[in-house]
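Below is one structure, written out as structure tokens; the observations come after it.
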Amino acid sequence: MDLFETLNPMQKEAVLATEGPLLLLAGAGSGKTKTLTHRIAYLVEQGIPPTRILAITFTNKAAREMKERISSLIENSERMWVGTFHATCVRILRRDIDLIGYDKSFAIYDYADSEKLMKETLLELNNSETLLNLRLKEIRSMLSAIGRKKDSLITPEICLELAADNYNEKQIAAAYKSYQRKLKKANALDFDDIIFKTVELLREHPDILNSYSDRFLYVMVDEYQDTNTAQYELVRLLSSKYNNLCVVGDDDQSIYGWRGANIENIRNFEKDFRNSQVIKLEQNYRSTKTILNAANAVISNNNGRTGKTLWTENPEGEKIHLHRADTDIMEAEFVKDQILTAAKSGAAYKDFAVLYRMNAQSRLIEEAFFKNGLPYRIVGGIRFYERKEIKDVLAYLSLINNPANDLAAKRIINVPKRGIGTTSVQKISEYSDKNNISFFEALKFSKEIMGGRAGAALRFVSFIEEISEQVLPVSEIILKVIHDSGLIEEIKSEKNSDNNSEERIKNIEELVSKAVEFEKQHEEATLAEFLEEIALVADIDNYNENDDATVLMTVHSAKGLEFKTVFIIGFENNLFPAARALNAEDDEQLEEERRLCYVAITRAREKLFITNAATRMTYGYTVSNNPSLFLKEIPSELTLSVGDKKKSHKHSPNQISTRESRQNVEKIFSKKPEVFNFKPPVSKKTGQYYIGDKVFHQKYGEGIIKQLRETSIDTEIIIYFNNETFTGEKKFLSSVAKLEKR
DNA sequence: CCTACTACGCTTTTT
DNA sequence: GCGTAGTAGG
């Protein structure tokens with residue numbers, strides 16, 4: 001077949017530019033994947049063996065798609081390395097990680113595992129001092145701080161050096177060091193380690209690096225704007241010998257800055273790689289002119305862009321439909337009504353997608369859809385593999401695979417109940433630390449540790465060892481585990497309140513069939529491979545665009561996808577853009593929100609609905625947000641308000657609508673400027689207080705009422721202070737607090 | 001050692 | 001509003 005027949009001149013140029021570094025700036029809907037797959041096919045046609053080509057993506061779904069499309073173009077593409085960053089690195093590590101001191105059977109810790117481990121780390125580090133107020137928040141912020149270090153290839157040692165006298169940084173360095181020691185002891189890697197350790201392996205062992213850089217004549221990286229420093233270094237190393245590195249990306253779609261992605265990687269490509277070429281793909285084949293113009297208008301408000309303007313030959317299309325609902329519930333009703341009406345006139349449910357800023361927003365949409373029998377799929381939220389019963393089974397498998405996995409051992413030592421409670425676990429844990437052996441290993445000394453009550457622990461040990469010694473297919477291991485351990489029995493016998501034991505059994509059965517499926521696909525499927533695949537799947541990977549169902553997902557998950565009709569919901573300040581970005585000191589975060597908005601708009605092919613609500617329920621409180629500031633960045637001639645409230649999209653005069661006035665308010669109150677725009681809640685019992693009222697408190701001085709919450713006997717008042725005496729929020733009860741109105 | 005209740009904190013986004 | 005972590009009582 002003629003590979004060039006369906007390509008436009010720029011795409012064709014990109015396919016032909018095979019030698020040397022190439023930056024392919026590909027706008028949304030510009031045929032990026034097509035160009036990339038054709039480029040690979042072209043290389044193979046030119047005689048390059050598929051095994052000498054490496055293509056890296058961010059999601060399994062993208063990798064799978066790329067594989068499928070390549071195999072439809074050429075023969076023998078199976079042995080080509082096409083995979084995610086993480087899968088590619090794990091593949092490299094499984095071969096040679098022993099050279100940097102880990103066992104090849106290493107476990108991969110997911111985020112929940114990391115949280116547990118960090119909790120242990122911080123508890124040890126702080127002794128009794130902060131033991132009581134060790135909050136999830138601290139655990140997460142520590143994990144994220146350490147994650148950013150790993151993204152930047154900073155080791156615990158360098159971290160400590162860089163910290164110098166900075167107390168906070170020194171704390172991070174200490175936690176980092178100890179957390180890392182724990183991971184090592186458990187022979188486990190967290191997500192960030194997978195990249196970091198691969199770079200470490202390649203840097204420290206030139207022979208290994210050479211074997212890969214020599215092998216890969218051509219290296220291609222998708223979504224390059226989302227790479228972090230570690231990934232950048234990985235790519236650089238792997239392509240270092242032949243320098244045939246092609247990166248594809250769009251700086252306007254960089255939306256993972258919060259996860260350490262470095263937008264400068266793409267912006268500096270030309271500087272970083274000498275003699276590089278840049279090719280821009282600016283013709284959009286996806287959206288109508290209207291939708292594209294809106295996206296272009298919004299993104300033009302950002303600074304420092306590499307600069308490209310998308311254009312299209314597609315028709316003008318319909319105007320963008322704006323709808324402001326009274327409440328979040330009515331917003332969901334609106335979306336449901338629109339889809340049901342369209343479906344009556346023949347539209348397919350899968351033509352629609354509902355996109356939102358955060359997962360919590362899916363609930364109301366789901367409710368509205370469910371009640372009306374509108375078929376839907378939710379991407380994200382609680383993953384299948386994160387369910388308690390599944391994680392329990394997986395912990396058994398993980399322990400069988402890697403007995404050093406302390407977290408797994410501790411998780412299941414008393415699941416099902418074996419009479420080994422927290423006290424015993426603690427004793428065993430101490431013993432294992434003292435003797436520098438794993439938790440599982442320590443269990444073998446139960447007689448020494450707990451005397452007469454060691455029976456159950458020893459039985460557990462022989463149970464695990466017995467299974468480990470046999471060579472069985474994964475699905476049979478699972479069956480053995482769930483039946484012989486008593487796990488299924490226990491779940492069945494749980495008659496308690498939330499009678500979901502049937503569902504949990506079903507989930508476990510589902511896991512068994514996933515294992516069977518896995519065995520079909522992989523001839524000699526090992527336990528390690530099965531666990532690895534599970535650890536590295538994202539929810540989006542299971543999304544099947546052939547199901548006739550409307551899909552609900554976050555804008556982040558939607559990147560790379562397209563739909564005939566898109567609903568962007570919750571288009572409000574504090575939500576989209578997120579409050580955090582809106583109140584940030586610099587513009588960086590707001591610009592990322594704007595890119596996110598750009599991604600959202602450009603998902604639509606023909607029709608775009610943008611909705612918001614005048615009031616919504618946000619964790620127990622009714623809040624009232626202004627329409628998103630991005631709404632004003634869409635030229636009004638492209639939009640049309642729909643629904644009852646005709647003028648609803650106009651900003652009311654008392655609302656802060658410009659950047660300048662927002663900043664002015666911020667000068668007076670450095671935080672959360674929008675609290676003043678809350679309308680008084682419809683309420684009888686709150687008496688004389690309203691949100692936004694200025695009040696004076698004896699101790700804290702003047703402040704502003706931020707939130708009111710009625711309990712059965714009293715009214716809770718949250719006041720925001722910012723004066724000489726005090727800055728921050730305080731909670732009061734209206735009957736107790738002495739407040740003066742100002 | 002286990003169960004049941006309460007209180008608290010959470011909401012960005014996830015490979 | 002909801003889920004979970006922490007605590008008190010059996």
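Chain identifiers are assigned alphabetically (A, B, ...) following the order of the sequence lines, protein sequences preceding nucleic acid strands; residue numbering begins at 1 within each chain. Note: hydrogens, waters and symmetry copies are ignored here, and every other heavy atom, side chains too, is used.
- Residue Arg140(A) places at least one side-chain N or O closer than 4.0 Å to OP1 or OP2 of dT11(B).
- Between Lys150(A) and dT15(B) there is no side-chain polar atom (N or O) within less than 4.0 angstrom of OP1 or OP2.
- In this structure, Phe58(A) reaches the sugar-phosphate backbone alone: every heavy-atom distance under 4.0 Å involves primed, P, OP1 or OP2 atoms, never a base.
- Counting only N and O atoms by type, the side chains of Asn302(A) and Tyr598(A) include no donor and acceptor under 3.5 Å apart.
- The nearest whole Å value for the distance from the CD1 atom in Ile194(A) to the C1' atom in dT14(B) is 13 Å.
- Look at Ser424(A) and you'll find a side-chain N or O under 4.0 angstrom from OP1 or OP2 of dC1(B).
- A side-chain donor-acceptor contact under 3.5 Å links Asn414(A) to the backbone of Ile420(A).
- Closest contact between the side chain of Ala360(A) and the listed nucleotides dT13(B), dT15(B), dT11(B) involves dT11(B).
- Rounded to whole Å, atom P of dT11(B) lies 17 Å from atom CG of Asn583(A).
- With distances taken from any side-chain atom of Lys417(A) to the nucleotides dT3(B), dG1(C), dT14(B), the minimum falls on dT3(B).
- In this model, the phosphate group of dT14(B) is approached by a side-chain N or O of Ser557(A) to a distance below 4.0 Å at OP1 or OP2.
- We find that CZ of Arg616(A) is positioned 15 Å from P of dG1(C), with the value rounded to whole Å.
- The phosphate of dA5(C) has neither OP1 nor OP2 within less than 4.0 Å of any side-chain N or O from Lys116(A).
- Between the NZ atom of Lys119(A) and the P atom of dT4(C) there is a distance of 13 Å, given to the nearest Å.
- The same atom, P, is picked in dG6(C) and in dT11(B); the two are 16 Å apart, to the nearest Å.
- Counting only N and O atoms by type, the side chains of Gln225(A) and Glu223(A) include a donor and acceptor under 3.5 Å apart.
- Atom CG in Asn60(A) sits about 9 Å away from atom P in dT15(B), given to the nearest Å.
- Using a 4.0 Å heavy-atom distance criterion, Asn414(A) is classed as a sugar-phosphate-only contact.
- Atom CZ of Arg94(A) has more than 12 heavy atoms from other residues, nucleotides or ligands within 6.0 Å.
- Without hydrogens or angle criteria, Glu532(A) side chain to Val90(A) main chain gives no donor-acceptor distance under 3.5 Å.
- Atom CG of Asp226(A) is separated from atom P of dT15(B) by 12 Å (rounded to the nearest Å).
- In this structure, Ser628(A) and Asn612(A) have side chains that are not in contact, with every pair of non-hydrogen atoms separated by 4.5 Å or more.
- Between Met617(A) and Lys388(A), it is Met617(A) whose nearest contact on DNA chain C lies nearer the 5' terminus.
- Here Trp258(A) counts as stacked on dT13(B): its ring centre is under 5.5 angstrom from the base ring centre and the planes meet at under 30°.
- Of the two residues near DNA chain B, Gln589(A) and Ile420(A), the one whose nearest nucleotide lies more 5' is Ile420(A).
- Taking 4.0 angstrom as the limit, Asn359(A) places a side-chain polar atom (N or O) nearer than this to OP1 or OP2 of dT14(B).
- For the pair His556(A) NE2 and dT15(B) P, the interatomic distance rounds to 11 Å; values are reported in whole Å.
- As rounded to whole Å, 21 Å separates atom P of dT13(B) from atom CD1 of Ile263(A).
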